[in-house]
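Residue numbers begin at 1 in each chain, while the letters A, B, ... track the order of the sequences. What you are looking at is a predicted structure, and each value in this text was computed from that prediction instead of being measured.
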There are 2 protein chains.
Amino acid sequence: MSSLRELAQMLGLSITTVSRALDGYGDVAVATRERVLAAAETTGYRPNSAARRLRRGLTEIVTMVLPAEPGHFNEPLYIELLRSTGERLAQQGYDLTLIAALPGPDELKTYRRLIEGRRTDAIIVVRTRREDARLRYLTDIGFPFVAMGRSDFSEPYAYVDGDGEAAFHDAALRLAGLGHRRIGHLAAPSAFTFAHLRRSGFARAMRDSGLPGEIVEDSATEAGGYRAAGVMLAQAEPPSALLCATDSMALGAMRAVRERGLVAGRDIAIIGHDNIPAAAFSDPALATMELPIAATGRRLAEMALARIGGADPRDMTEINPVEFLPRASLGEARG
Amino acid sequence: MSSLRELAQMLGLSITTVSRALDGYGDVAVATRERVLAAAETTGYRPNSAARRLRRGLTEIVTMVLPAEPGHFNEPLYIELLRSTGERLAQQGYDLTLIAALPGPDELKTYRRLIEGRRTDAIIVVRTRREDARLRYLTDIGFPFVAMGRSDFSEPYAYVDGDGEAAFHDAALRLAGLGHRRIGHLAAPSAFTFAHLRRSGFARAMRDSGLPGEIVEDSATEAGGYRAAGVMLAQAEPPSALLCATDSMALGAMRAVRERGLVAGRDIAIIGHDNIPAAAFSDPALATMELPIAATGRRLAEMALARIGGADPRDMTEINPVEFLPRASLGEARG
DNA sequence: AACCTCTTCCAAAACGTTTCGGATGACATT
DNA sequence: AATGTCATCCGAAACGTTTTGGAAGAGGTT
């Protein structure tokens with residue numbers, strides 16, 4: 001039933017033996033182990049997690065801390081990430097808890113409460129920033145953590161990231177190859193590493209191809225993309241291609257383009273990043289890039305478990321390639 | 001420091017007194033309480049959650065079980081729901097854990113593991129279905145739960161829902177009022193209660209206004225909306241208005257409309273539901289409906305806590321009004 | 001002085017698990 | 001017959017908290 005004691009009593013064995021039988025120690029006779037396992041099965045015995053956590057000093061919980069900014073939060077990406085991470089953790093008997101923490105002066109308080117209250121064994125940090133006090137803090141106190149995304153942080157830490165630099169470099173060169181001579185980049189706030197990397201890749205491609213390359217930065221939302229594209233298109237010689245940091249920005253940019261009577265994919269090329277569901281159904285369909293989000297979630301889970309086990313974060317860095325998805329908004333090669 | 005024992009030793013008090021001082025019992029002298037609180041503050045004492053959970057028999061965890069179907073999962077709604085629910089629970093010292101469970105024969109296994117392992121104090125069930133074995137199971141074993149969305153379930157249970165029936169009734173009447181005589185409804189799978197209610201509201205409006213009203217059902221995704229709209233528009237006399245169960249479907253429908261050379265908002269009116277971020281930036285902007293998702297999350301949290309406290313679910317039912325957001329895709333009144 | 005009331009404190013048990021350090025026999029070895 | 005080895009098993013401690021059921025003393029009342 002509910003406790004090891006009851007199970008032991010029922011079997012005429014000691015608590016110790018039952019416990020060790022269930023945990024598969026070599027310490028117990030095969031016949032006994034089977035008897036115990038059978039009894040556990042029929043009575044539906046489940047170890048009390050609070051008790052085992054107390055005794056083992058582990059919570060069997062990994063926590064993902066999500067940035068709570070309303071605008072930046074509602075990206076479909078995260079839900080898929082949560083799903084894949086949670087599933088992988090569950091395979092190991094771990095639970096995934098979720099907390100929201102607003103970036104700002106009180107951000108670390110949330111982490112402290114979590115850690116000092118021993119409410120979690122490891123933390124998954126998402127939406128990393130170039131200067132990220134969270135990585136500093138977690139490293140200093142030696143608490144196991146894994147980051148989704150990189151940071152300008154000198155000490156070794158575990159992370160999984162997409163190769164946004166290469167992806168945006170390649171995408172920009174692709175646009176140049178199609179004949180575009182004025183290419184604009186709608187950048188996300190460069191405090192975020194992902195935004196910085198994508199911008200760097202774009203800038204490198206512009207240097208490589210000897211094109212000017214303009215950049216306008218705004219928030220990584222539809223509204224931000226709309227504003228940034230507005231600025232971009234108000235110029236005397238507006239760009240003929242817009243490389244956008246995210247699909248959300250690209251969808252916003254599309255509206256700005258339409259309002260000026262231009263047709264995306266014909267008058268102006270547009271590329272996004274993330275492959276959100278709406279991207280395939282915009283008008284025209286949005287060319288975009290996709291990173292393997294489910295695999296990323298699984299790797300984050302595995303790394304978190306490894307860090308809990310004491311593994312060295314030095315060996316736990318992974319940068320995944322990003323897949324380019326050409327769609328109508330990319331347009332054709334131009335004369 | 002880390003334990004009550006150390007704190008007590010340091011203060012020359014018993015563990016009991018320190019514990020009771022921290023919990024605010026009237027049992028301890030004011031001076032002592034303040035001394036204890038001060039010491040707890042400076043040493044940064046945090047109670048060990050596993051120990052308190054074991055002793056109190058509560059996990060201080062609420063679990064949200066998300067449907068893991070890839071297509072249905074990535075709705076931005078859920079992330080906002082998670083955020084608001086989690087924040088409200090955190091105010092009460094509760095954590096929110098998340099697990100994914102595929103609907104199907106093994107779905108209840110996930111619930112059983114959760115409950116029998118005492119890994120959670122309450123469950124939040126989302127995306128309810130008309131016939132929902134989960135509600136039956138949870139009610140039968142008397143486990144505290146709260147549903148987001150209703151179900152055809154005879155016994156009392158706690159839920160928060162939007163009034164999709166009224167919303168779709170009103171939206172359909174609004175279309176009729178604009179002069180539309182052939183109105184189509186792109187329905188989501190009617191096994192889901194939300195889909196059934198929206199469809200019922202639509203059907204009632206058709207009866208009220210004496211219009212035929214056609215319905216095509218498909219999955220609640222962009223692809224589903226695209227297919228359903230294709231069927232709808234292939235008819236001899238296609239509808240002049242499409243009321244879609246979700247924004248995702250509506251965005252898919254828009255593509256089908258475009259491909260037939262029609263212009264949404266001029267040749268055909270389109271309405272969605274959810275107000276996903278992309279809806280305001282589609283071409284034309286998508287008229288939609290919005291339910292107060294953050295408030296819903298908070299209420300779910302509060303109800304879950306109340307259920308844990310033993311409150312009767314009978315009094316815990318809440319149906320919120322849905323706000324209509326007219327946008328360009330609604331079009332003008334027609335001669 | 002005896003009794004009662006109140007305030008303030010505390011010892012010890014309990015929650016259910018894991019694990020340390022043996023105990024008990026059976027059997028083989030010397 | 002003493003010793004050693006091996007396979008099984010178990011008692012008891014420990015994890016850190018909450019809570020029960022008082023104890024000790026101060027002060028008031030009769």
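Within a 6.0 Å radius of CD in A:Gln91, other residues, nucleotides and ligands contribute more than 12 heavy atoms. Atom CD of B:Glu155 has more than 12 heavy atoms from other residues, nucleotides or ligands within 6.0 Å. No more than 12 heavy atoms of other residues, nucleotides or ligands shown are found within 6.0 angstrom of CD on B:Glu131. Dense packing is recorded around CZ of A:Arg112, with more than 12 heavy atoms of other residues, nucleotides or ligands lying under 6.0 Å away.
Along DNA chain C, the nucleotide nearest A:Arg5 and the nucleotide nearest B:Gly26 are compared for position; the residue whose nucleotide lies closer to the 5' end is B:Gly26.
For the pair A:Met148 and A:Ile293, the minimum side-chain heavy-atom distance is below 4.5 Å. Annotation: side chain of A:Phe194 is not in contact with side chain of A:Asp161 (no heavy-atom distance under 4.5 Å). Looking only at side-chain heavy atoms (C-beta outward), A:Lys109 and A:Arg113 stay at 4.5 Å or farther from each other. Contact check for A:Phe153 versus A:Thr193: no side-chain heavy atoms found under the 4.5 Å cut-off.
What separates CG of A:Leu13 from C1' of D:dA7 is a distance of 15 Å, to the nearest Å. Between the C1' atom of D:dT8 and the CG atom of A:Asp27 lies a distance of 7 Å, rounded to the nearest Å.
Residues of residues 49-61 of chain B having a heavy atom closer than 4.0 Å to DNA chain C, listed by number: B:Leu54, B:Arg55. Less than 4.0 Å separates DNA chain C from at least one heavy atom of each of the following residues of residues 16-25 of chain B: B:Thr16, B:Thr17.
In terms of the side-chain contact (heavy atoms from CB on, under 4.5 Å) criterion, residue partners of A:Thr63 (sequence neighbours excluded) are, by chain and number, A:Ile61, A:Val65, A:Thr97, A:Ile99, A:Leu114, A:Thr120. For B:Leu37, the side-chain contact (heavy atoms from CB on, under 4.5 Å) partners are B:Leu22, B:Arg33, not counting sequence neighbours.
A salt bridge does not link A:Arg136 with A:Asp132: none of the charged nitrogens is closer than 4.0 Å to a carboxylate oxygen. Salt bridge annotation for B:Asp23-B:Arg56: absent, with no cationic side-chain nitrogen under 4.0 angstrom from a carboxylate oxygen.
A cation-pi arrangement is found for B:Arg127 relative to B:Phe192, the charged atom lying closer than 6.0 Å to the ring centre and inside a 45° cone about the ring normal.
Along DNA chain C, the stretch of nucleotides lying under 4.0 Å from any heavy atom of chain A spans, 5' to 3', C:dG16 to C:dC20.
Comparing the start and finish of the helix from C:dA1-D:dT30 to C:dT30-D:dA1, five pairs each, the helix axis swings through 70°, to the nearest 10 degrees.
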